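In what follows, a single structure is set out as structure tokens and then discussed.
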There are 2 protein chains.
Amino acid sequence: MAEISDKTIARLSLYRRLLSDLLEDGQTQVRSHELATLANGSPAQVRRDLAEAVGCQGRPRQGYDVAGLFESIGAVLDGPSGENVALVGVGNLGRAVLAYLAGRRPGVNLKAAFDSDPAKVGQSWMGCPCHPDAAIPRVIREQSIRVAILAIPAASAQAVAEQLMDAGVTGLMNFAPVRLRARPGVFVENIDIAISLEKTAYFARQAAES
Amino acid sequence: MAEISDKTIARLSLYRRLLSDLLEDGQTQVRSHELATLANGSPAQVRRDLAEAVGCQGRPRQGYDVAGLFESIGAVLDGPSGENVALVGVGNLGRAVLAYLAGRRPGVNLKAAFDSDPAKVGQSWMGCPCHPDAAIPRVIREQSIRVAILAIPAASAQAVAEQLMDAGVTGLMNFAPVRLRARPGVFVENIDIAISLEKTAYFARQAAES
DNA sequence: TTGTGTGAAACCGTTCACAGCG
DNA sequence: CGCTGTGAACGGTTTCACACAA
């Protein structure tokens, strides 16, 4: 398997979700054209993604086998076993993210939550207990957690990120409006809601002015 | 002003936030190299963004004037007056997004909230009342709202989006894990948390395996 | 010297267009 | 035929590299 780009992985994840819907509908075959429509993409892109990143097996005239494709994408995305994930910050945002995790994401296992609020420590969300921030190094190591979700205020994000990376985390999903200084080799996905909102406002105005 | 790309707008928004921090620190001048470091970008990119999108006035040897740059970027991003924004769905996620809005975003005025839960209707968040979903067409038109944030379940997202677009919304920020069918000219920013998480998990594994 | 502005080159991802196969 | 797989062309961004200004 060669290097797969950022955007391709995002699309594969989307394809998998769409395929999951098709499976529920009992559909067994799907054309690139059909998937493309559902994904707001082009048929050529779908074919290329499936051929290059997965080991495509689409057949002319019938398209792709839904169940098989679903499995193949899963093999690429999830690896042998799923990733263990920690959530740092169990505020409104953190709890909202839990709802997405609850959606039976294959390959993503929430193992631990952390919060600085003593009132939250000891409670449980989605069957996993909330630890105090001080427990981060120990728990991350004990549970072999490589992925962490930062849903905490900007002021503490960098410090917490350092602790996580020290403990072995190699993937961070950062909701705090800060550009984290990550060490080399660590992947950071910034979800910057403030920026996205300003972007939306800008293009909404552009759209209205035409 | 020529066409400014998606990504450039996102960076400008980031620059503005960074400049705002610098202003608070009392810094009056900034070099492209410095902004680039803060933004995790390259100096050349910063210069190009500022020169092409804004009407740069950086001077050799001193760099850019922080206050002036802050204003100039604001003029590009915000237009004459700010955009009026509606929030649909006042669950955990919706309330979390409100926190970002509360961060005194210039150019973004929350004017209305909507929720299908009768218990929430009538309450207020950030000084603006929560209306029932049925009031969407009326309120959106009355308040001249062009931007809407969808923080509702996937099942109802498309239907609500249609109502919003019918009422004149031209920019949607969509947190629901669905690919919205938007009419031409309407800007949609998808924040797909499930996809972002799977992406982070994938690259965390890649990083760990090297 | 230091740091900006910008044409030109390099890069990456997407789309085109067509060969091949059922 | 209809639909996939893929080399080749394309277009948009990013980076390079250097002229210029203080």
Side-chain angles (χ1 to χ4, degrees), chain A residues 1-15 19 22 27-66 68-69 72-73 76 179 187 190 195 199 202-203 206, chain B residues 1-15 19 22 27-66 68-69 72-73 76 179 187 190 195 199 202-203 206:
Chain A
M1 303 295 147
E3 296 292 291
I4 309 180
S5 83
D6 197 17
K7 301 188 181 171
T8 304
I9 291 294
R11 282 194 301 268
L12 288 181
S13 172
L14 173 58
Y15 298 155
L19 288 168
L22 293 178
Q27 188 170 335
T28 60
Q29 301 289 322
V30 65
R31 324 279 144 99
S32 62
H33 168 74
E34 195 177 354
L35 253 187
T37 304
L38 294 170
N40 282 341
S42 71
Q45 175 127 263
V46 171
R47 291 201 299 274
R48 192 164 281 271
D49 286 339
L50 298 181
E52 283 179 6
V54 191
C56 180
Q57 61 276 29
R59 284 178 315 177
R61 190 89 187 175
Q62 287 125 348
Y64 302 83
D65 176 58
V66 175
L69 205 48
S72 303
I73 293 179
V76 173
R179 250 40 198 183
F187 179 84
N190 287 304
I195 289 178
K199 200 167 78 173
Y202 176 84
F203 286 107
Q206 295 291 101
Chain B
M1 305 294 146
E3 295 292 293
I4 309 180
S5 83
D6 196 25
K7 301 188 181 171
T8 303
I9 291 294
R11 281 193 301 267
L12 288 181
S13 172
L14 174 58
Y15 298 156
L19 288 168
L22 294 179
Q27 188 171 336
T28 59
Q29 302 289 322
V30 65
R31 323 280 144 97
S32 62
H33 168 74
E34 194 178 353
L35 253 188
T37 305
L38 294 171
N40 282 340
S42 70
Q45 175 127 262
V46 171
R47 291 201 300 273
R48 193 163 280 269
D49 285 340
L50 298 181
E52 282 180 6
V54 191
C56 180
Q57 60 276 26
R59 283 178 317 177
R61 190 90 187 171
Q62 287 125 350
Y64 303 83
D65 175 59
V66 174
L69 205 48
S72 303
I73 294 179
V76 173
R179 251 39 201 185
F187 179 85
N190 287 305
I195 288 179
K199 200 167 77 172
Y202 176 84
F203 286 108
Q206 296 291 102

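It should be emphasised that the depicted structure is a prediction, and the values quoted were computed from it without experimental measurement. Chain identifiers are assigned alphabetically (A, B, ...) following the order of the sequence lines, protein sequences preceding nucleic acid strands; residue numbering begins at 1 within each chain.
Protein atom CG of B:L35 is 13 Å distant from nucleotide atom C1' of C:dT4, rounded to whole Å. The separation between B:K7 atom NZ and D:dG11 atom P is 17 Å, rounded to whole Å. Protein atom NE2 of A:H33 is 16 Å distant from nucleotide atom C1' of C:dT15, rounded to whole Å. The nearest whole Å value for the distance from the CD atom in B:Q45 to the C1' atom in C:dT6 is 15 Å. Atoms CG (B:D49) and P (D:dG12) sit 17 Å apart, rounded to a whole Å. Rounding to whole angstrom units, CZ of residue B:R59 and C1' of D:dA22 are separated by 9 Å. Rounded to whole Å, the distance from CD1 on B:I4 to C1' on D:dT13 is 15 Å. Regarding B:Y64, its OH atom lies at a distance of 18 Å from the P atom of C:dT2, rounded to whole Å.
Across all strands shown, B:T8 has no heavy atoms under 4.0 Å from either base or sugar-phosphate atoms. Within the 4.0 angstrom heavy-atom criterion, base atoms lie near A:R47.
At the phosphate of D:dC3, neither OP1 nor OP2 sits under 4.0 Å from any side-chain N or O atom of A:S32. Within the 4.0 Å cut-off from OP1 or OP2 of D:dT14, not a single side-chain nitrogen or oxygen of B:S42 is found.
The side chain of A:P60 lies closest to D:dC3, out of C:dT14, D:dC3, C:dT4. Nearest to the side chain of B:C56, among D:dT4, D:dT14, C:dG5, sits C:dG5. If you check D:dT15, D:dT4, D:dT13 against the side chain of B:S5, the one that comes closest is D:dT13.
Within the model, atoms OH of B:Y64 and OG of B:S72 stand 11.5 Å from one another, a figure rounded to the nearest 0.5 Å. Within the model, atoms CD1 of B:I9 and CG of B:L14 stand 12.5 Å from one another, a figure rounded to the nearest 0.5 Å.
Between A:G63 and B:A44, it is A:G63 whose nearest contact on DNA chain D lies nearer the 5' terminus. Taking for each of A:Q57 and B:R61 the nucleotide of DNA chain D with the nearest heavy atom, the 5'-most of the two is the partner of A:Q57. Comparing A:Q62 and A:R11 by the nucleotide of DNA chain C whose heavy atom lies nearest to each, the residue mapping closer to the 5' end is A:R11.
With hydrogens and angles ignored, a donor-acceptor pair closer than 3.5 Å exists between the side chain of B:R48 and the base of C:dG7.
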Report the C-alpha separation of A:V76 and B:Y202 in whole Å, then their side-chain angles, then the decisive distance to 0.1 Å, and conclude whether the side chain to side chain contact (heavy atoms under 4.5 Å, CB included) test is met.
CA-CA 8 Å; A:V76 173; B:Y202 176 84; 4.3 Å; yes
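At a threshold of 4.5 Å between non-hydrogen side-chain atoms, the residues A:T37 and A:H33 count as touching.
No side-chain N or O of B:E34 forms a donor-acceptor pair with one of B:Q29 less than 3.5 Å apart.
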